[in-house]
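One-based numbering, in listed order, for ligands and for the atoms of each.
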Amino acid sequence: MKILIDNGHGNNTPGKCSPDQSLREYAYAREIAGRVVDALKAKGYDAEKLVPELTDVSLAERARRVNEWCGKLGANNVIVVSIHCNAAGNGSWMAAGGWCAYTSPGQTKADLLATALYDAAEVALTDYKEIFPVLKTKGAYGANQKPIRTDYSDGDPDFEARFYILMKTKCPAVLTESLFQDNKADVAFLLSDEGKGAITQLHVEGIINYLKPGAK
Ligand SMILES: [Zn+2]
């Protein structure tokens with residue numbers, strides 16, 4: 001099984017950062033992707049970054065790289081997880097927060113991978129889930145915000161979207177939005193050692209649980 005970790009965007013992508021510039025999405029996604037790849041490799045898995053470059057690589061080229069591996073190994077022997085941070089606004093601090101994942105519409109193996117990531121997020125984000133309602137009472141999050149964002153309209157927790165990396169790749173593909181880069185409390189958590197560890201752990205554990213024999 002080839003595990004491809006996609007890190008969203010590049011150092012030439014405009015915008016895509018926290019209002020105070022402390023978190024840049026491309027850099028954060030690359031740091032987490034590197035940690036996830038290293039952790040999976042240390043456990044004996046065949047993992048690699050889809051985009052080792054620092055510059056942005058087009059979605060078409062990202063999908064081409066994934067599908068090249070699918071051609072070599074078979075689409076059932078490849079997975080891709082694309083790591084991003086969410087945003088609710090356009091340059092100022094916002095009140096949305098939380099973690100979520102996306103798959104393409106319809107039921108595929110990607111939905112099983114996404115559910116495994118949600119299960120892992122429930123564990124890895126325990127501290128975040130505990131502090132979230134406390135911070136909400138202090139105005140950090142809007143009243144309807146939740147630490148784990150779900151959409152059960154089709155029976156599973158992930159959201160569905162026709163994102164390019166989900167639609168144009170032949171293997172199971174999930175895109176994760178690890179908290180909001182324009183929420184002050186989320187950015188503080190994301191940039192903390194604990195936060196980086198939790199976001200890394202949820203991806204690592206979710207992928208491993210999906211790959212366990214009998215899990216799919
Ligand atoms: Zn992004």
Enquirer: Report all side-chain donor-acceptor pairs from residues 187-196 shorter than 3.5 Å, counting only partners two or more places apart or in another chain.
Expert:
| unit_1 | atom_1 | unit_2 | atom_2 | d |
| --- | --- | --- | --- | --- |
| S192 | OG | F189 | O | 2.6 |
| S192 | OG | G195 | N | 2.8 |
| K196 | NZ | E31 | OE1 | 3.4 |
| K196 | NZ | E31 | OE2 | 3.1 |

Enquirer: Does K168 reach the main-chain N or O of A60 with its side chain, forming a donor-acceptor pair under 3.5 Å?
Expert: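 Flag not set: sc K168 to bb A60 has no pair under 3.5 Å.
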Enquirer: Can you list everything that forms a side-chain contact (heavy atoms from CB on, under 4.5 Å) with R24? Sequence neighbours excluded, please.
Expert: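 Checked R24 against side-chain contact (heavy atoms from CB on, under 4.5 Å); matches are C17, Y26, A27.
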Enquirer: Excluding sequence neighbours, so at least two apart, what forms ring-ring contact (aromatic ring centres under 6.0 Å, His included) with F132?
Expert: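 ring-ring contact (aromatic ring centres under 6.0 Å, His included) check on F132 returns Y128, Y141.
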Enquirer: Just by distance, no angles: are the side chains of T103 and D111 close enough, under 3.5 Å, to form a donor-acceptor pair?
Expert: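 Yes, side-chain donor-acceptor contact under 3.5 Å.
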Enquirer: At distances under 2.8 Å, what protein N, O or S atoms surround the Zn ion (ligand 1)?
Expert: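 Sorted hits: H9 NE2, E25 OE2, H84 ND1.
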Enquirer: Could you check whether atom NZ of K136 has more than 12 heavy atoms from other residues, nucleotides or ligands sitting under 6.0 Å from it?
Expert: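 Buried by this count: over 12 neighbours within 6.0 Å.
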